[in-house]
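Worksheet: the structure to be examined is printed underneath.
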Amino acid sequence: MTDPSHDDDAGRSRLVAERDHRLSKLSSLRDEGIDPYPVRFDRDRTLGELVEEFGNLGAGEETDISVKVAGRVMLRRGHGKLFFATVRDHSGEIQLFVSKAVVGDDAFDRFDTVDLGDWLGVEGTVMSTRKGELSVRVERFELLAKALLPLPDKWKGLSDVDTRFRQRYVDLIVNEDARRVFAIRSAVVASIRNSLLERGFLEVETPMLHDIVGGAAARPFSTHHNSLDIDLYMRIALELHLKRLIVAGLDRVFEIGRCFRNEGLDTRHNPEFTMLEAYQAFADYHDMMDLTEHLVAAAAEAAIGTMIVELEGRSVDLTPPWRRITVADLIRESLGVTMHPSMPVTEARAALDDAGVEYRDEWGSGKLMDVLYDDRAQHDVFEPTFVIDYPREVSPLARPHRDDPHLVERFELIVAGRELANAFSELNDPVDQLARFEAGARAKAQGDPEAGDVDYDYVRALEYGMPPAGGLGIGIDRLVMLIAGVTSIREVILFPTLRPEQFDEAEFRFPDA
RNA sequence: GGGCCGCUAGCUCAACUGGACAGAGCAACGGGCUUUUAACCCGCAGGUUCGGGGUUCGAGUCCCCGGCGGCCCA
C-alpha cells in the first residue's frame with residue numbers, strides 16, 4: 001500500500017484524506033514509542049463526580065488537588081501556547097486547560113495532534129478559569145484511543161435518520177436527545193422490574209425458540225435446529241409458557257423479553273421488540289388494570305420525574321385512575337352505533353358499511369365489532385383509557401365474561417390512540433381452550449398466516465388445573481415512546497432492524513504500518 | 001404492495017421559471033494568538049449533485065428506469 005504521507009490527495013474524498021492523515025499520526029506516535037491504544041487508564045473519578053465535587057469553585061480559584069480523569073475530546077480551542085479542550089464521559093463534561101508552560105514543549109506539540117473524537121486520559125490539578133469554567137490544569141495526558149474518522153458537525157450533530165440508526169454509536173456521541181431517550185428506557189425497565197419484584201412477582205426466562213406458534217396472532221420467523229432436525233419458530237409472545245408456570249403454582253411471574261414478528265417495519269413496528277408479560281394467580285382483569293396504572297405511572301415518575309408527558313404537541317396526564325369504558329360503550333359514544341357480538345351479522349355488516357369500513361364474509365358479529373372499534377374509535381382515544389370487554393371471537397386466550405358469555409374479560413390500554421397494553425382474566429378451562437385452539441388451527445389451514453397451532457402440551461397443563469389468574473402484556477418500546485415523547489419505535493430501539501448496508505472492502509484497507 | 005416527499009463536500013444546509021466556474025458554516029489542512037466557551041483572525045483545500053439513460057445550445061434543476069430513505073395508506 002502507499003504511504004499516506006506521500007500520497008496524492010487529488011481525486012480522493014475528503015473523508016479518505018482525513019482518515020489517512022490520522023493514520024499517519026498513528027504511525028508517528030508509534031515511531032516515538034507511544035502506543036495509541038494503551039491497555040488501560042487509572043482514572044480516580046468520573047467527570048460527573050469531578051463536577052459534583054468541585055462545581056462550587058469560584059472564578060479564578062486554583063487548587064493543588066490532583067485528579068486523574070478520562071474522556072472523549074468534543075471541542076478544542078487553541079490559543080498559541082494554550083489549549084482549551086472539552087472532554088466528555090458518560091457522566092459529564094469538563095474543560096481541559098493545557099498550558100505549554102505546564103506540560104512542556106514536546107507534550108504541547110503532541111497535544112496539537114489530538115483530534116476531535118480522540119479519547120484522552122489526563123492528570124492535573126482542579127482549577128476554575130477567570131470566566132469561572134471548572135477545568136483541569138493538565139500536567140500529563142495520554143492518548144487512550146485514536147479516532148480515525150471525524151465526528152459530525154459539532155453543533156448540528158447528525159440528523160439523517162438512516163445514518164443515525166445504522167451508526168448508532170455516532171448518534172449517541174453527538175446527539176444529546178438520543179442519549180436521553182435510552183436513559184429513559186433504562187429507567188422505565190428498571191422501574192417496572194422493581195415494581196413487580198416489590199409485589200412478590202418472580203422474574204423468569206422462558207424459551208425464545210418454540211416448536212409451535214401461539215400466544216398471539218402474528219406471523220413468526222422460522223429457523224431450523226440442525227441436530228434435532230426440526231423447524232423452530234422465534235416466539236411471538238411470552239404468554240403460554242408463563243401461564244404454564246401459573247399452573248405450576250408459581251403464583252406471580254413475569255418476564256421482560258424480546259419477541260419476534262415477521263411483519264413490516266414502520267413507526268410503530270420493529271420485527272423484534274420487547275414485551276413485559278405478568279401473570280398473577282387469584283386475580284382478574286380489574287386487578288390487572290390497577291397493576292397497569294401503577295406500573296406505568298411509577299415508570300414515568302422514575303424516568304422523567306412527572307406523570308405529564310408531552311407527545312405530538314399535546315400533554316397527556318398519566319396520573320391514575322384512568323377511565324374505563326367498554327368496547328360497546330366506546331363505539332356508541334364515538335360513532336353513535338350500538339353493537340354486540342350477539343347481533344345478527346347482517347346488522348353488524350350494515351354498521352361497518354355505514355362507517356365505510358371493509359370486512360370479510362367469514363367474519364362474525366364479534367370480529368366486525370372489534371374491527372369497527374379498531375378502525376374508527378381507538379384512534380381518537382387520547383387520554384389513558386382502559387377499553388374493556390371484548391368480543392369472545394377475537395380473544396382466544398381470555399376467559400368468558402362473568403356477566404355476558406358473548407364477551408371476554410379483557411382490556412386494552414389506549415394512550416394517544418395507540419395500544420400500550422393488553423390483558424385478560426385468563427382462560428383456565430382446558431375444554432374451552434382446546435376448542436379455541438382448534439378454531440385457530442382451522443383458520444390457519446384455510447390460509448390465515450397469523451393463526452396459531454393447537455398447543456396440546458398447554459392444554460395438558462390446564463388439565464392439571466390453573467388457578468384463576470389475571471395476565472398483562474405491555475409493549476415496552478411503545479411505553480418508552482410515550483414517556484420519552486417520541487413518535488417512532490426506532491427512536492427507542494438502539495439498533496433497529498434495517499436493510500443491510502453494502503460495504504466496499506477497499507475502503508477498509510489500511511496502509512502498511 | 002400503493003401514493004406522496006426526499007437524496008448536493010465527512011457533517012448541517014444553499015443554489016430563482018433549466019443559465020456562467022455548484023456555494024456557505026462546521027470539521028480538516030497551513031499560519032497567528034496564554035483565559036476561551038460553537039473561541040477568534042488570515043489563508044488553503046475539499047464534489048461521480050444516489051446510479052443509468054433521455055430531452056436541450058445548456059440539467060443539481062425537466063422526463064424515464066433503477067437504488068436507498070422518510071411519511072401516509074393497505
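Throughout, protein chains are lettered first and strands after them, A, B, ... in sequence-line order, and every chain is numbered starting at 1. These values consider heavy atoms only, across backbone and side chains, with no hydrogens, waters or symmetry-generated copies.
One interatomic measurement links the two molecules: OH of A/Tyr169 to C1' of B/rC11, which rounds to 15 Å at whole-angstrom precision. If you measure from atom NZ of A/Lys81 to atom P of B/rU35, you get 11 Å, rounded to the nearest angstrom. What separates CD1 of A/Ile173 from P of B/rG10 is a distance of 18 Å, to the nearest Å. Atom-to-atom, CZ of A/Phe165 to C1' of B/rC71 comes out at 13 Å; the value is rounded to the nearest Å. At whole-Å resolution of the value, CG in A/Leu15 and P in B/rU12 are 13 Å apart. With rounding to whole Å, A/Asp112 atom CG is found 12 Å from B/rC33 atom P. Regarding A/Glu263, its CD atom lies at a distance of 15 Å from the P atom of B/rA74, rounded to whole Å. Protein atom NE2 of A/His79 is 12 Å distant from nucleotide atom C1' of B/rC41, rounded to whole Å.
In this structure, B/rC68 forms a base pair with B/rG6, meeting either the Watson-Crick or the G-U wobble geometry with both donor-acceptor distances under 3.5 Å. Base pairing of B/rG43 is made with B/rC29, judged by Watson-Crick or G-U wobble geometry with both donor-acceptor distances under 3.5 Å. Pair assignment for B/rU35: none, as no Watson-Crick or G-U wobble contacts are both less than 3.5 Å. When both pairing distances are held under 3.5 Å, B/rA24 makes a Watson-Crick or G-U pair with B/rU12. Pair assignment for B/rG1: B/rC73, on the basis of Watson-Crick or G-U wobble contacts that are both within less than 3.5 Å.
Classification of the A/Phe386-A/Trp322 ring pair by plane angle, with boundaries at 30° and 60°, yields tilted.
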Output a table of nitrogen or oxygen pairs between the protein and nucleotides 27-31 of chain B separated by less than 3.5 Å.
| unit_1 | atom_1 | unit_2 | atom_2 | d |
| --- | --- | --- | --- | --- |
| B/rA27 | OP1 | A/Lys154 | NZ | 2.6 |
| B/rA28 | O2' | A/Arg14 | NH2 | 2.7 |
| B/rC29 | OP1 | A/His21 | NE2 | 3.1 |
| B/rC29 | OP1 | A/Lys25 | NZ | 3.4 |

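A distance of about 32 Å separates the P atoms of B/rG23 and B/rG69, rounded to the whole Å. Comparing B/rU8 with B/rC68, their C1' atoms sit 16 Å apart, to the nearest whole Å. Across B/rG67 and B/rG10, the matching P atoms stand 25 Å from one another, rounded to whole Å. Nucleotides B/rG3 and B/rG60, compared at atom P, are 28 Å apart to the nearest Å. Atom name C1', nucleotides B/rA9 and B/rC50: the rounded distance is 15 Å, in whole Å. Separation of the P atoms belonging to B/rA28 and B/rA22 is 26 Å when rounded to the nearest angstrom. The gap from the C1' atom of B/rC41 to that of B/rG47 amounts to 28 Å, rounded to the nearest Å. Comparing the P positions of B/rC42 and B/rA27 gives a spacing of 14 Å, expressed to the nearest Å.
Each of B/rC71, B/rG69, B/rU37 was ranked by its minimum atom distance to the side chain of A/Thr267; first place goes to B/rC71. Taking only side-chain atoms of A/Glu133, from C-beta outward, the nucleotide of B/rU37, B/rG70, B/rU34 with the closest atom is B/rU37. Proximity note for A/Lys156 (side chain, C-beta onward) versus B/rG10, B/rU35, B/rU12: the nearest is B/rU12. Comparing B/rA38, B/rU34, B/rC68 by their closest approach to the side chain of A/Arg166 singles out B/rC68. Listed candidates were B/rC72, B/rU34, B/rA38. Nearest to the side chain of A/Trp155 is B/rA38.
Residue A/Ser159 has a polar side-chain atom (N or O) positioned under 4.0 Å from OP1 or OP2 of B/rC13. For A/Arg499, a side-chain nitrogen or oxygen approaches OP1 or OP2 of B/rG69 to under 4.0 Å. Between A/Arg490 and B/rG70, a side-chain N or O to OP1/OP2 separation shorter than 4.0 Å is present.
Take the nearest nucleotide of RNA chain B for A/Val161 and for A/Gln95: the residue whose nucleotide is more 5' is A/Gln95. The 5' end of RNA chain B is approached more closely, in terms of each residue's nearest nucleotide, by A/Gly132 than by the other of A/Arg268 and A/Gly132.
If you check every strand for non-hydrogen atoms under 4.0 Å, A/Phe97 touches a base. Contacts of A/Asp160 with the nucleic acid, taken as non-hydrogen atoms under 4.0 Å apart, involve only primed sugar atoms and P, OP1 or OP2. Across all strands, A/Gly78 comes closer than 4.0 Å to base atoms (heavy-atom distances).
A salt bridge does not link A/Asp42 to A/Lys68: none of the charged side-chain nitrogens sits closer than 4.0 Å to a carboxylate oxygen. Between A/Glu18 and A/Arg22 there is a salt bridge, since a side-chain N of the basic residue sits under 4.0 Å from a carboxylate O of the acidic one. Note on A/Arg110 versus A/Asp106: no salt bridge recorded, every NZ/NE/NH1/NH2 to OD/OE distance being 4.0 Å or above.
Counted by atom type alone, A/Arg490 and A/Asn270 present zero donor-acceptor pairs between their side chains at under 3.5 Å. Inspection of the A/Thr274 and A/Arg185 side chains reveals an N or O donor paired with an N or O acceptor under 3.5 Å. A donor-acceptor contact closer than 3.5 angstrom is absent between the side chains of A/Ser488 and A/Thr267. A donor-acceptor pair shorter than 3.5 Å can be found between the side chains of A/Thr338 and A/Arg332.
Residue A/Pro341 forms a side chain to side chain contact (heavy atoms under 4.5 Å, CB included) with just one option from A/Met369, A/Lys367, A/Glu393, A/Arg392, and that option is A/Met369. Partner of A/Asp375 under the side chain to side chain contact (heavy atoms under 4.5 Å, CB included) criterion, out of A/Val357, A/Asp370, A/Leu352: A/Val357 alone.
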